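Some notes on the structure that comes next.
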Amino acid sequence: IVIVIIAVVLGLTLRQNKSEFKSTFLSRCEKFNQTDCQKVWDAFEQAYVNKDPCKVAVEAYDPLIVAAPFKPQCNRMMFWSKTKDVVHGFTEKRDCFVTLEDTLLGSVLDGLTWCGKEGSKGTFTTGCPGWSECENNPVRSFWRRISAAFADVACGDVTAMLSGSIDTPFNPTRKKAPAESGSGRGICCNRLEDSTKDMLWKTARDNNIFASIEVVRFQASRIKSLNVVMVLQQNAKSNCTDPSLKNLRQTLDTGITYSCKDVPESRIQECGAKPEIACGACW
Ligand code: NAD
């Protein structure tokens with residue numbers, strides 16, 4: 001009897017987990033008009049359901065990108081690294097920029113955890129591997145895949161908010177892909193074949209998605225400029241003169257203009273709070 005009760009309780013908890021997660025997914029999704037959210041859910045779920053949660057490759061989300069493609073929003077696209085709160089504090093109040101978290105897939109999954117299990121049709125929200133616990137976990141592979149898709153459509157003047165509160169604001173620190181060894185450049189891949197780009201997934205082992213996944217996908221044929229905003233808090237550790245930003249310039253596809261501006265965090269907050277300040281005059 002005890003075993004039956006445990007099994008029933010466990011079954012109900014797991015089902016509840018699934019339905020709660022799915023209803024959050026669908027209710028967030030339905031804010032985007034003209035979207036078949038059930039179709040997006042199906043494409044999402046197939047990536048990780050019935051799989052070992054440490055064996056979900058980045059490519060598993062390819063059908064999801066096909067089901068919910070990213071639209072280019074030229075001159076408004078905002079990338080970030082280590083500045084999540086300040087960026088979103090600003091973009092929530094002002095309409096100047098679009099971050100990945102403002103897009104359908106980014107907003108639906110932001111802040112959520114999920115995974116599947118071998119031999120189960122369920123979606124679980126507890127007992128899932130942590131971000132760094134294993135390389136190919138469902139959450140990390142998802143963010144890597146959709147960050148790449150967002151960067152692939154970036155166009156016009158692109159902005160990136162980086163942090164002056166860390167020693168190395170641009171930090172790819174990953175092993176070189178075989179195709180790059182001897183190239184003399186730290187990272188580059190805009191001119192690589194697609195098959196080689198696929199291989200880069202397997203070697204981009206660090207946490208820094210901006211440096212290792214987004215910047216390397218910026219294409220000069222689509223992007224005019226990359227404008228870095230260095231967010232400076234009190235006692236900042238780095239600014240636009242930081243040597244790591246030289247690596248960023250060298251990594252950029254030839255033809256993309258680079259600029260960098262040191263901006264106090266307080267100015268970004270002020271601009272968020274004052275709609276009378278034009279977007280272009282914020283920094
Ligand atoms: P970052 O190092 O600030 O990491 C971005 C986010 O990834 C963090 O806010 C966190 O949610 C998650 N993350 C990273 N390392 C983690 C860890 N060790 N444990 C738990 N969570 C961890 O910046 P980044 O790696 O350069 O990525 C930022 C860029 O990639 C942005 O342009 C953004 O569009 C995209 N991105 C967004 C998210 C998100 O959660 N919304 C996650 C990853 C990447």
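Both ligands and their constituent atoms are indexed starting at 1 by order of listing. Note that this is a predicted model, so its numbers are computed, not measured.
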Pair D102-T99, side-chain donor/acceptor within less than 3.5 Å: yes
Do any nitrogen or oxygen atoms of E214 lie less than 3.5 angstrom from nitrogen or oxygen atoms of ligand 1? yes
No-hydrogen, no-angle side-chain donor-acceptor test under 3.5 Å, N227 and T159: no
Nearest to atom 35 (C) of ligand 1, what protein heavy atom do you find, and at what distance? S147 OG, 3.3 Å
F210, any N or O under 3.5 Å of ligand 1 N or O: yes
Distance alone, cut at 3.5 Å: any donor-acceptor contact between the side chains of Q233 and S165? yes
Could you tell me how the ring of W114 sits relative to the ring of F21: parallel (under 30°), tilted (30 to 60°) or perpendicular (over 60°)? tilted
Decide yes or no on side-chain hydrogen bond (donor to acceptor under 3.5 Å, both in side chains) for Y48 and S141, but give the supporting numbers first. CA-CA 10 Å; Y48 60 85; S141 289; over 6 Å; no
Proximity to ligand 1 by part of W131, non-hydrogen separation under 4.0 Å: side chain
Please could you name the atoms of ligand 1 that S132 approaches to less than 4.0 Å, counting only its heavy atoms? 18 (N)
For atom 38 (C) of ligand 1, closest protein heavy-atom neighbour: W143 CE3, 3.4 Å
Can you check whether a protein heavy atom sits less than 4.0 angstrom from atom 33 (C) of ligand 1? yes
What about L100: any of its N or O atoms under 3.5 Å from an N or O on ligand 1? no
Is the side chain of R217 donor-acceptor paired with the backbone N or O of F150 at a distance under 3.5 Å, no angle test? no
Under 4.0 Å from a heavy atom of F79: give me the atoms of ligand 1 that qualify, with their elements. 32 (O)
How does K84 reach ligand 1, by side chain, by backbone, by both or by neither, if only non-hydrogen atoms under 4.0 Å count? side chain
Just say parallel, tilted or perpendicular for the rings of F97 and F90, cut-offs at 30° and 60°. tilted
Show me which atoms of ligand 1 lie under 4.0 Å from any heavy atom of E101. 33 (C), 34 (O), 37 (C), 38 (C), 39 (C), 41 (N)
Any atom of ligand 1 sitting under 4.0 Å from a heavy atom of T99? no
Looking only at protein heavy atoms, which one is nearest to atom 6 (C) of ligand 1, and what is the separation? W80 CH2, 4.0 Å
Atom CD of residue position Q34 - does it have more than 12 heavy atoms of other residues, nucleotides or ligands inside 6.0 Å? no
Side chain or backbone of I209 under 4.0 Å from ligand 1, or both, or neither, by non-hydrogen atoms? both
protein heavy-atom neighbour closest to atom 2 (O) of ligand 1 works out as K82 NZ, 2.5 Å
Residue pairs involving residues 207-253 (criterion disulfide (SG to SG under 2.5 Å); sequence neighbours excluded): C240-C260
Would D42 and Q38 count as having a side-chain donor-acceptor pair, cut-off 3.5 Å? yes
When distances are taken from atom 23 (O) of ligand 1, the protein heavy atom at minimum range is S81 OG, 3.4 Å
